[in-house]
Structures are given as C-alpha cells and as structure tokens.
Amino acid sequence: MRAIHPFHGGVHLAEHKTESTGTAIGWMSLLPRYVVPLSQHIGQPAIPVVKPGDRVLRGQMIGRPTGTISTAVHAPTSGIVSAVEMHPVAHPSGLTGLCVVIESDGADRAVEMSGIDWRNLDPAEVQAHVRDLGLAGLGGAVFPSAIKLQRGNAARIPTLILNGSECEPWITCDDMLMRERADATLRGAAMMRHLLGADTVLVGIEDNKPQAIAAMTEAARQAPFPVEIVAVPTLYPSGGAKQLTRLLTGLDNPTGKLSTEIGVQVFNVGTAYSMYRALELGEPMISRVVTVTGHVPRPGNFEARIGTPLRDLLAAAGGDLPGTTGHIIGGPMMGFDLDDARAPVVKAVNCIIAKRVEQFPPAAPAMPCIRCGQCAQACPAELQPFELYWYAKAKDFEKTRRYNLFDCIECGCCSYVCPSHIPLVDYYRFAKSEIRAHELDAQASQAARERHDFRTFRLEREKREKAEKLAQKATTRLDSGAVAEDDPAAAKKKAILQAAIERAAKAKVATTPQNTDNLSPTVQREIDAIEARRQAAPDDAAATGRQPTEAP
Amino acid sequence: MNGSPYTQSANNSVRITMIKVLVALIPGIAAHAWFFGPGIWVSLIVCSLIAIFYESLALVMRGYPQKPFLSDGSVIVTAWLFALSVPTLAPIWLYAVGLLFAVLVAKHLYGGLGQNPFNPAMVGYAVLIVSFPTYMTQWPAPLQLATHMPSLANAVDMVFAGSGSISIDAYTLATPLDTLKTLGRAGQSGTEIFNQPIFGLIAGKGGEWVAAAYLLGGLLLLGNRVFTWHVPIAYLASVALTATLVQAIDPSQHANAWFHLFSGGVMLGAFFIATDPVSGSTTPLGKLIFAGVAGFITVMIRDYGGYPDGVAFSILLMNIAAPFIDTYTQPRVFGHAKGGKVGK
C-alpha cells in the first residue's frame with residue numbers, strides 16, 4: 001500500500017455522482033451541424049485551413065497549430081464547411097469565438113487514419129504527431145499534451161501520474177471512462193511513460209469510485225509495465241494536479257514551477273485514453289466523454305463529438321425538465337454558467353448540469369467578513385483567503401500579490417465554507433484579471449516609451465547631421481576665400497559658423513554610438529520606410545502603445 | 001459577477017456561529033444564577049435590549065438595512081459578554097454608558113461587524129472600570145456567604161431604580177481577586193488571605209464553578225470548530241505558567257495557577273473573548289503569540305498591577321498588536337519554501 005500524504009484543507013461535498021452512473025457511456029446519433037471552435041486549448045488558437053464551401057472528412061485537420069503552445073483542431077464528421085465565423089462558445093466570459101461550422105453530409109467518411117510506431121520514432125516526431133492530432137488535457141485546463149510529453153532539461157521524468165480523482169460533484173465522465181475503457185487508458189499511459197522515461201506510474205482515484213478502481217486494478221494487473229492504482233480519500237479538491245501529486249508522492253509542486261521540476265507529470269485519464277486513440281489508431285481528438293446531469297430525465301455520459309451544440313447534447317439526455325433555471329459547464333465548484341446553449345462541446349467540456357432551484361438556490365446575501373478563518377482552514381493552497389478578500393476588495397492589488405494571490409487555484413473551498421456567504425473566488429478572479437491587465441498596460445507603456453526615446457534620438461541625430469552638413473559647406477566656401485577677410489559682417493558670420501562646427505563636433509563626441517549608427521543601406525531604407533508609415537499613421541497608434549503594423 | 005462555486009455549505013452562517021456562542025455561554029450563566037442569584041438574567045436582558053437599541057440606531061445612521069444585521073446575533077453576543085464582565089445588579093445607566101462605548105464607538109465607529117480592531121465588550125468594560133471603579137467592584141456575594149440573596153424583583157428594582165429595599169452591603173462582597181489585592185497590600189500573608197471565607201476549593205466560592213461552566217461551554221465551541229485550539233490553550237497555559245513562576249518567586253503574596261485559572265474572567269476570556277476572530281490574530285503561530293502574551297499580561301496585572309483583574313486589558317493590548325503579529329507570522333503557502341513576513 002502506498003502511503004497517502006494528505007493536503008491541507010479541502011471540503012466534503014454532496015457527491016451527486018450516482019445520478020449519471022446508472023447507464024453505460026451513450027453514443028449520439030449524427031447531427032446535421034457541428035460548430036468547432038479554433039481555440040479550445042490554452043495557448044495560441046489554431047489557424048483555420050478550410051474556407052466556406054470546402055469538403056471535409058472526419059478527422060481532417062481544419063485548424064493548424066501555430067506558435068509554441070498550440071494544438072490542432074479537426075472535423076468531427078464529413079461534410080461541407082458552411083462558415084468560418086464568430087459563434088457563441090462555452091467560456092466564462094460569454095464572448096464569441098472563431099468557429100468552423102460544418103454541415104454534415106451524413107456519410108461520416110473519415111480520412112485515412114493509422115497509428116505510428118511511437119516506441120521507435122524520435123520523441124520529437126511523436127510529439128509533433130500528438131500536436132497535429134489536436135491532443136489537449138481533458139481534465140479541464142486543456143493544455144496542449146504534446147508540450148507535456150517533453151522532458152525539458154531533465155534526462156527523464158521519473159513519475160507519471162494519471163488523474164482519475166474526479167473530485168467535483170456531479171461529474172462522472174472519468175469514472176465511466178475508467179470503468180469501461182480501463183485497458184485502453186493504461187495503453188495510453190504506456191505511451192506517456194515511454195516518452196517521459198517514467199519508471200513509476202500512479203493512478204489516483206477517489207475512493208468513492210470503487211468500480212473504476214476495480215476495473216483499473218484489473219487492467220493494471222494485465223499491463224506489461226508496473227502501474228499502481230491508488231485509492232485516495234474522497235475530499236475535494238483531491239483532483240487538483242498539485243493536490244493529487246502531494247497525495248500520491250508527498251511532493252509539493254514549487255510555486256510558479258512546472259511539476260516536471262520535481263520529476264512528476266500529471267495527465268487526466270481521459271487524455272491518456274485519447275493518447276492511445278491517437279498514437280495506436282491515428283485518431284485525432286474529435287470526441288470526448290461528457291456527463292449530462294442534473295435536471296434532465298435521463299442523466300448519463302455520452303461520447304460527444306467536439307462541436308456538438310450543447311442543446312443537442314442535453315437533448316440526448318432527454319432535454320431540460322420544466323423548472324430548469326440554467327446550466328453549469330463543468331462542476332458546481334469550478335464551473336461556469338452557460339450563456340447560450342448553441343455553444344458547442346469543446347475539449348474542455350467534461351460536464352453540463354441542468355440546474356433547478358432546489359439544488360442550486362441563489363447565493364445567500366453576503367455579510368461582512370468576521371475573519372473567522374474557516375476559509376484558511378479549508379484552503380488547499382494554504383493561503384489566508386480572508387486577507388486576500390480584504391485587499392482585493394480594497395483594490396490593493398500589490399498586497400494581494402504579496403499574500404500570494406497567484407497561488408490560488410480557484411477551487412472554491414473558501415467560498416463554500418464562508419459563513420458570511422462572501423463570493424470570495426469572484427474577488428480573486430477580479431484581482432487577478434486587474435493585475436494581468438495592469439501588467440499588459442505596463443508592457444505597452446514600456447514599449448511606447450522605448451519608441452518615444454528612439455524617435456527623440458533620431459530627430460536629434462537628423463538635426464545634428466543637417467548642422468554638420470551645413471557647416472561643412474560653409475567651411476568649404478570660407479576656405480575657398482569667397483569672403484574677404486576684412487568684411488566685418490562676413491567675419492561675424494564666419495565666427496557663428498565656426499561656433500556651430502565646434503558645437504556639432506562636441507555633440508558628436510558626447511553621443512555614444514547607437515546600434516542605429518553605421519547601418520547597412522538596406523536596413524536604413526527599411527527604417528526610413530517604417531518611419532514614413534509611422535508619420536502617416538494616426539496618432540492613437542502611439543497613444544495606445546500598439547506596435548506599428550504592416551500596411552495591409 | 002456571480003461565478004462558481006454554485007454551492008455553499010448548509011447550516012453555516014454568521015448567525016449560526018453567534019447562536020452557538022450564545023448557547024455555549026448558557027452553562028456559565030446558569031452557574032452564575034445558581035451561585036449569585038437570578039439577577040444575572042435581569043442584567044442580560046437589559047444589556048441585550050440596550051445593545052439592540054444602539055445597534056439599530058447605528059444601522060439607521062449608517063444607512064444599513066436593519067434585518068440582516070440585527071439578526072446576525074453579533075450584538076447579542078457583545079451584550080452578553082459585556083453583561084457577564086460587569087457586576088450584576090449595577091444601575092441601568094452604567095450598562096447604558098458601557099454599551100454605548102462597546103456598540104457605537106468600538107464597533108460602529110470603526111465600520112461595524114468585522115471591522116472593529118478591539119473587542120467591543122472589553123472596550124465597554126474598560127471604559128467603565130476606568131471611569132466608575134467603585135461600581136465595578138460591587139459584585140454579588142456567593143450563595144454561601146450572602147446575608148440576603150436578591151430575588152428577581154429586588155434585581156429589577158436595583159437595576160432600574162439604582163437602589164432597592166436591601167442595602168448594598170447585604171448582597172455584595174469583595175471578589176477573591178479584590179480580597180487578594182487589598183489584603184496583600186495590607187501586608188497579610190498568603191495563609192491568612194486564603195483563609196478568608198470568600199475562597200472556595202481552588203478559587204472563589206461559587207466563582208470557581210462559574211469558571212468551570214465557562215470551560216465546559218468553551219470546550220463545546222472548540223468541539224464544534226467555532227474556533228481552533230490555539231487561543232484558549234495558549235492563553236490558559238500562559239496564565240498557569242506565569243502564575244506558577246510568580247508564585248515561585250514570592251509564595252507568600254501570590255496565588256497559585258489553579259486560583260488564577262478559575263477566578264475572575266480568565267475562563268470567559270480564554271474561550272469567548274480572546275477567541276474573537278475580528279480583533280484577534282488569525283494565523284496559527286500568531287494566535288499562540290497573541291494569547292500567550294495576553295495570558296502573561298493578565299497575571300502581571302493581577303499580581304503587580306493596579307486592577308484586580310487583567311483579562312480585559314491584556315486582550316485589548318494584544319488587539320493592538322494583532323495585525324502586526326499577523327504580518328510577521330504568515331504560514332507557509334503550498335509550494336513555497338517558508339512562511340513569515342508578508343512580502344519577503
């Protein structure tokens with residue numbers, strides 16, 4: 001038995017798991033239309049590689065990854081691209097996102113898919129493959145998986161943790177996946193293990209999922225590599241990556257560092273399953289298991305294609321029952337309100353809960369904080385939430401930062417236990433976004449200041465060069481004896497010119513050489529062109545600190 | 001903004017916390033009524049009504065809604081702690097003055113619930129003991145020693161009319177702490193002092209049982225997780241340790257640890273006043289320092305100071321230091337090397 005290393009705080013919650021575990025994972029019939037957002041992951045949105053009117057096949061890449069942190073997006077079925085447009089997406093902000101809309105042709109024809117020889121290929125090649133197949137973490141953070149398979153500076157990452165904790169109430173997609181697809185999940189783990197060079201593979205599952213633990217234990221027994229299935233006590237948020245790492249290894253992830261620094265990499269079990277589908281079968285991430293639960297007639301789990309409009313997913317569970325007051329995407333602790341049910345299933349959507357007022361009553365009115373400290377006792381990050389609240393409310397963001405605001409994982413334990421019913425996490429989100437906005441502002445003004453300094457320098461230089469040239473000309477004229485020595489006016493002029501020459505020479509000495517001196521003619525021409533455009537550009541470009549853009 | 005979490009723990013509110021505190025005070029109040037007469041009920045009710053009046057007035061003046069703030073119960077807790085700290089059967093104006101400072105000055109002038117740097121009940125008490133010391137020593141005599149135990153009717157009379165059918169000497173008696181102080185100053189030896197009839201098994205007659213009942217109520221709150229163990233344990237341990245050290249230096253003049261623990265306001269202070277989260281320290285180490293130093297000051301005032309008891313002043317003094325203590329005792333945050341001063 002592996003020793004469990006408890007984390008600080010946490011809360012016991014009403015589980016509401018059995019509502020959606022009564023039936024096997026269901027399959028949805030093909031829908032006439034899918035809406036696939038290009039930004040489903042953390043990092044740079046994928047760039048659309050299809051245009052309206054294009055025919056696509058299931059599994060065809062429709063958005064290509066760009067930049068360091070990105071991953072691809074694929075068509076969930078075959079059909080015709082009807083639009084690449086802004087569309088409501090499932091996001092806390094309620095804003096729209098760029099989506100590829102695909103009208104199904106009903107044939108559901110797939111591109112040719114085949115696995116790769118991941119054991120023998122160069123790891124970088126496998127990672128590129130994972131990126132092109134659109135893999136992102138299915139636990140909720142949707143971090144591109146390819147990056148998490150890199151070893152970084154380490155020779156290897158000794159410990160691989162699969163997160164099957166699923167500590168949020170109501171959500172059961174990982175539970176059902178482990179019950180039904182334990183074997184394939186561990187095959188995915190084998191690939192991750194190989195790429196990371198891990199020797200220890202641990203699967204953490206909360207002990208309220210005995211069937212999943214049994215299925216995984218059986219699969220582990222038959223796996224060709226050592227893997228330990230560890231039951232962890234049911235205590236929210238045991239499924240937080242840092243909390244689970246602590247539970248299973250006793251190691252604390254240092255703040256601001258990647259878990260690989262302590263030799264640990266954590267993947268969600270669903271991601272491991274997708275890894276198997278991707279590398280063994282060549283299938284991109286075009287579907288995932290989603291829990292549909294709450295106030296619906298037939299709650300359960302569904303293998304939903306990415307791009308499935310959420311109202312169609314709800315319909316698969318029988319649709320909203322009368323008295324539904326709204327929907328939560330994700331769990332009740334960390335999820336968010338769905339604004340528009342036309343928004344599609346994306347890689348991050350693990351659950352949709354139809355709310356009714358009995359189970360999700362409106363929040364009680366907030367009373368003043370009495371500093372009782374229950375939040376600090378519940379906080380798994382070991383913060384002092386009431387201090388953070390105090391300073392966030394006062395907009396003293398420097399203090400919130402000093403009280404380690406950015407170690408907050410927004411798990412909601414503090415808000416849950418607060419006797420004054422203060423929406424604490426809302427305050428932390430507010431403070432974090434204000435600080436980030438402030439940082440962006442600071443960066444922009446720094447850039448603006450640098451541009452301004454350069455401009456001042458350039459104007460100075462031009463003035464100086466002009467003066468020098470004039471002086472040169474005048475000297476040449478004087479030397480040629482065009483002015484009589486005894487002419488007082490000319491003598492005065494000459495003296496003035498002489499002084500100007502001296503000043504110019506002095507200025508030249510005083511000015512340290514810049515990297516803009518001694519430019520090659522080509523570079524100088526480019527700079528001049530940029531300057532010309534800048535002069536032509538409206539003033540607000542400089543005021544708002546935007547980088548001058550290339551003319552369209 | 002109204003984001004996640006969309007669920008909150010049931011049966012948890014400021015009001016429920018306050019009701020727990022009030023319920024936990026009842027054993028002590030009952031013991032008080034048994035040993036010192038039913039007058040305590042009169043002062044509790046009178047103080048509650050006065051405090052509610054002040055609270056309501058403050059809410060009107062500050063433009064706050066009445067219902068949520070009056071029903072949070074915090075002002076009743078202040079009123080009860082105040083009533084249990086000042087002599088029972090004092091004239092009503094004394095309560096009115098004390099609570100004026102407790103509720104209007106210490107609480108609302110500083111921003112109301114959750115904002116007060118000082119414990120309101122203790123501010124009320126401190127104002128009275130500084131301003132009206134004579135009234136503040138007139139505690140009822142315990143059952144075993146009273147020549148006349150005031151009835152409820154007597155009590156109402158005394159509180160509202162300021163005098164009653166019985167003379168003040170008939171029902172009041174110097175408290176054990178007073179006795180210790182005055183006789184000690186008069187040069188009597190410890191043995192002589194502790195032979196006085198006011199002393200009981202380990203502390204004052206009656207008073208020791210009231211203290212025991214507060215201890216019981218306090219342990220109930222601790223078991224209910226209304227507060228953590230740090231403050232009461234550190235406070236009591238520090239009182240006991242300091243008393244023992246002082247007695248070791250001069251055994252003839254000073255009482256032992258048991259006496260200090262079970263007399264005056266120590267038990268009430270340890271579990272119900274020093275644990276006030278608003279005015280006290282909030283970090284685990286901070287709580288230990290806060291309560292530990294308060295316990296030391298309590299005994300120092302008792303043994304060497306001008307006042308018979310030091311609970312209120314020690315806690316008020318440490319209230320001043322609480323924010324400072326908190327700043328330097330921040331616990332380690334998950335994933336950080338160590339805790340300590342904020343912003344290091």
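FYI, side chains are in, hydrogens and waters are out, and symmetry mates aren't considered; it's all heavy atoms of this structure.
Of all the heavy atoms in A/N404 and B/H336, the pair that sits closest is OD1-CE1, 3.2 Å. Residues A/R371 and B/P277 come closest through the heavy atom pair O-CB, 3.1 Å. Between A/P368 and B/L113, the shortest heavy-atom distance links the atoms CB-O, 3.4 Å. Here the shortest heavy-atom pairing between B/P68 and A/M367 reads O-CE, 3.5 Å. Listed here is the closest heavy atom pair of B/F334 and A/N253: CE2-N, 4.1 Å. Nearest heavy atom pair, residue B/G335 against residue A/D252, reads N-OD2, 4.1 Å.
When heavy atoms are compared at a cutoff of 4.5 Å, A/I370 approaches chain B by way of both its backbone and its side chain. For chain A, the nearby part of B/T228 is the side chain; its heavy atoms alone come within less than 4.5 Å. If you measure heavy-atom distances from A/Q359 to chain B, you find no contacts under 4.5 Å at all. When heavy atoms are compared at a cutoff of 4.5 Å, B/N11 does not approach chain A at all. Heavy atoms of A/Q377 lying under 4.5 Å from chain B belong exclusively to its side chain.
Counting non-hydrogen atoms of neighbouring residues, nucleotides and ligands closer than 6.0 angstrom, the CZ atom of B/F101 reaches no more than 12 such neighbours. Annotation: B/F313, atom CZ; neighbour count of heavy atoms from other residues, nucleotides and ligands within 6.0 Å is above 12. Environment of CZ in A/F360: crowded, with over 12 heavy atoms of neighbouring residues, nucleotides or ligands closer than 6.0 Å. No more than 12 heavy atoms of other residues, nucleotides or ligands shown are found within 6.0 angstrom of OH on B/Y64. Counting heavy atoms of neighbouring residues, nucleotides and ligands inside a 6.0 Å radius, atom NE2 of A/H438 does not exceed 12 of them. Residue-environment remark: NZ (A/K393) stays at or below the threshold of 12 foreign heavy atoms within 6.0 Å.
In this structure, the side chain of A/Y403 does not engage the main chain of B/Q330 through any donor-acceptor pair within 3.5 Å.
Looking only at heavy-atom pairs under 4.5 Å with chain A, the residue among B/G114, B/S13, B/G112, B/G280 that has the most is B/S13. Ranked by heavy-atom pairs under 4.5 Å with chain B, the first of A/C369, A/P169, A/G373, A/G335 is A/G335. In terms of non-hydrogen atom pairs under 4.5 Å with chain A, the most contact-rich of B/V278, B/N116, B/V226 is B/V278.
Of the candidates A/M333, A/R429, A/E410, B/S4 forms a side chain to side chain contact (heavy atoms under 4.5 Å, CB included) with just one, namely A/R429.
Considering OG of A/S420 and CZ of B/R15, their distance stands at 13.0 Å, rounded to 0.5 Å.
Contacts of residues 235-248 of chain A with chain B at a heavy-atom distance below 4.5 Å involve A/K242, A/R246, listed in sequence order. The contact list for residues 379-387 of chain A toward chain B, using heavy atoms and a distance under 4.5 Å, reads A/P380, A/A381, A/E382, A/L383, A/Q384, A/F386, A/E387 by residue number.
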